[in-house]
Participant: 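I'd like to ask you about the structure that follows.
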Protein chains: 2
Amino acid sequence: MIDFAPHDHDGCIASALAAAEEGCAARGLRLTDARRRVLEILLESHRALGAYDVLDRLRAEGRPAQPPLVYRALDFLVAQGFVHRIERLNAFVACARPGAEHAPAFLICRACEAVAEMPVAPEEGRLGSAARATGFALEATTLEAEGLCPNCRGAVA
Amino acid sequence: MIDFAPHDHDGCIASALAAAEEGCAARGLRLTDARRRVLEILLESHRALGAYDVLDRLRAEGRPAQPPLVYRALDFLVAQGFVHRIERLNAFVACARPGAEHAPAFLICRACEAVAEMPVAPEEGRLGSAARATGFALEATTLEAEGLCPNCRGAVA
DNA sequence: AGGGGAAGTGTTATACTATATCATCCGCTG
DNA sequence: CAGCGGATGATATAGTATAACACTTCCCCT
């Protein structure tokens with residue numbers, strides 16, 4: 001999800017899958033059955049899932065999967081930008097803007113566990129200026145925040 | 001370390017320990033032997049260590065420690081701001097600016113594994129503006145970047 | 001069509017990270 | 001010195017991730 005507002009969920013699943021298909025085709029890569037199913041599970045659940053949550057769902061569908069299958073699929077999907085890893089949760093979430101070049105930031109609600117993906121430009125942010133100041137060559141960034149989303153903020157109060 | 005340059009290491013250990021002592025005293029908390037030793041180990045090693053690395057060092061000193069001891073000490077030190085957790089590494093590093101109010105960012109060298117702590121003001125950065133834009137109440141932030149530090153950058157080239 | 005290499009998957013085992021639980025100890029306060 | 005709360009000891013287990021090797025499938029090339 002991009003922010004904490006409701007949206008057309010079926011539509012976002014379909015377009016994300018289509019974007020993944022296209023991205024793979026364009027790069028000569030294969031969106032195999034296992035990879036596609038893992039991506040679908042993340043899209044359908046629409047939240048951050050641990051690798052073993054994904055594994056459980058695969059097994060619930062009758063697929064006798066093992067951890068390496070899931071981690072390989074996730075590694076692939078993350079490398080291609082179709083899925084993001086949330087470090088604070090040791091979890092994975094489907095990308096909300098597949099196809100777009102981006103290094104996202106995440107807002108994680110500690111009450112409802114929703115994760116919103118925000119577009120940012122890390123090169124131009126604080127990490128970028130810190131890196132330039134010391135001569136550090138930036139290759140990958142993690143920007144995550146935990147707190148209360150607008151919905152839970154009201155509910156708690 | 002604050003950046004990737006050499007510095008007075010003995011001095012930084014002593015001042016960090018002193019700051020921790022003072023901080024605990026000021027807040028009516030106890031810097032117990034276990035907590036102090038864990039902090040010293042992180043300061044001496046001067047890099048990010050996993051909880052089990054710390055555990056190994058405690059045991060190497062003849063202390064028959066178990067994982068919960070280390071995690072409890074680390075939780076305390078992190079809560080007090082004397083140690084920071086590096087999410088990308090599942091590791092811990094002694095704070096380079098103890099006492100100062102700060103929400104740090106980290107630059108992690110993938111070659112030499114050095115971790116530099118950079119001062120930033122997250123409320124004013126991209127995460128802060130993203131949070132304000134959606135009504136998200138920011139409580140804790142993680143800003144980490146991986147890449148090549150100035151030293152390794154030269155060595156590889 | 002068939003050879004052959006690269007990429008992907010199956011399978012087993014294991015390494016690494018973290019916490020639950022309950023008993024015991026220690027230090028302070030009244 | 002009794003009692004309380006925080007800290008530690010100890011055992012067990014939960015949760016996350018990868019190593020290693022065998023096998024298959026896809027695809028390209030001839």
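Naming convention: chains lettered A, B, ... in sequence-line order (proteins, then strands); numbering from 1 in each chain. Fair warning: this is a prediction, and the values are worked out from it, not measured in the lab.
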Participant: Has the side chain of B/Y52 got a donor or acceptor atom sitting under 3.5 Å from an opposite partner on the base of C/dA18?
Facilitator: yes

Participant: Of the options C/dT9, C/dA18, D/dG9, whose atoms approach the side-chain atoms of A/R72 most closely?
Facilitator: C/dT9

Participant: Round to a whole Å and report the spacing from CG of B/L55 to C1' of C/dA15.
Facilitator: 15 Å

Participant: Measure CG/A/D75 against C1'/C/dG8 and give the value in whole Å, please.
Facilitator: 13 Å

Participant: Of all the choices, C/dA20, D/dT18, D/dT16, which nucleotide is nearest to the side chain of B/P68 once you look at every atom?
Facilitator: C/dA20

Participant: Nearest heavy atom decides the nucleotide; on that basis, is A/F92 or B/A73 closer to the 5' end of DNA chain D?
Facilitator: B/A73

Participant: Rounded to the nearest Å, what distance is computed from the CD1 atom of residue A/I86 to the P atom of nucleotide D/dA17?
Facilitator: 12 Å

Participant: What is the separation between atom CZ on B/R88 and atom P on D/dT16, rounded to the nearest whole Å?
Facilitator: 19 Å

Participant: Compare side-chain N and O positions of B/Y71 against OP1 and OP2 of C/dT19 and report whether any pair is under 4.0 Å apart.
Facilitator: no

Participant: Choose from C/dT9, C/dA18, C/dT19 the nucleotide whose nearest atom is closest to any side-chain atom of B/A51.
Facilitator: C/dA18

Participant: Nearest of C/dG8, C/dT19, D/dA7 to any side-chain atom of B/T32?
Facilitator: D/dA7

Participant: So, for A/F106 and A/V93, which heavy atoms are closest and what is the spacing to 0.1 Å?
Facilitator: CE2-CG1, 4.2 Å

Participant: A/R37 near the nucleic acid: base, sugar-phosphate alone, or nothing, with a heavy-atom cut-off under 4.0 Å?
Facilitator: nothing

Participant: What heavy-atom pair brings B/R30 and B/F76 nearest, and what distance separates the two atoms?
Facilitator: O-CZ, 3.9 Å

Participant: Starting at atom CG of B/L89, determine the distance to atom P of C/dA18, rounded to an integer number of angstrom.
Facilitator: 11 Å

Participant: Rounded to the Å, how far apart are B/L58 CG and D/dA10 P?
Facilitator: 14 Å

Participant: For A/D33 and C/dG10, give me the distance from atom CG to atom P, rounded to whole Å.
Facilitator: 10 Å

Participant: On DNA chain C, compare the nucleotides closest to A/Q66 and B/R85; which residue's is nearer the 5' end?
Facilitator: A/Q66

Participant: Between C/dA15 atom P and B/N90 atom CG, what is the distance in whole Å?
Facilitator: 18 Å

Participant: What contact category does B/R30 fall into here, base, sugar-phosphate, or nothing, at under 4.0 angstrom with non-hydrogen atoms?
Facilitator: sugar-phosphate

Participant: Against A/T142, only a single residue in B/E87, B/E144, B/R88 fulfils side chain to side chain donor-acceptor pair (under 3.5 Å); can you say which?
Facilitator: B/R88

Participant: Is any side-chain N of the basic residue among A/R37 and A/E44 closer than 4.0 Å to the acidic one's carboxylate O?
Facilitator: yes

Participant: Using a 4.0 Å heavy-atom cut-off, does B/A65 contact any base of the nucleic acid, only the sugar-phosphate backbone, or nothing at all?
Facilitator: nothing

Participant: Are B/E117 and B/R97 within salt-bridge range, i.e. N to O under 4.0 Å?
Facilitator: no

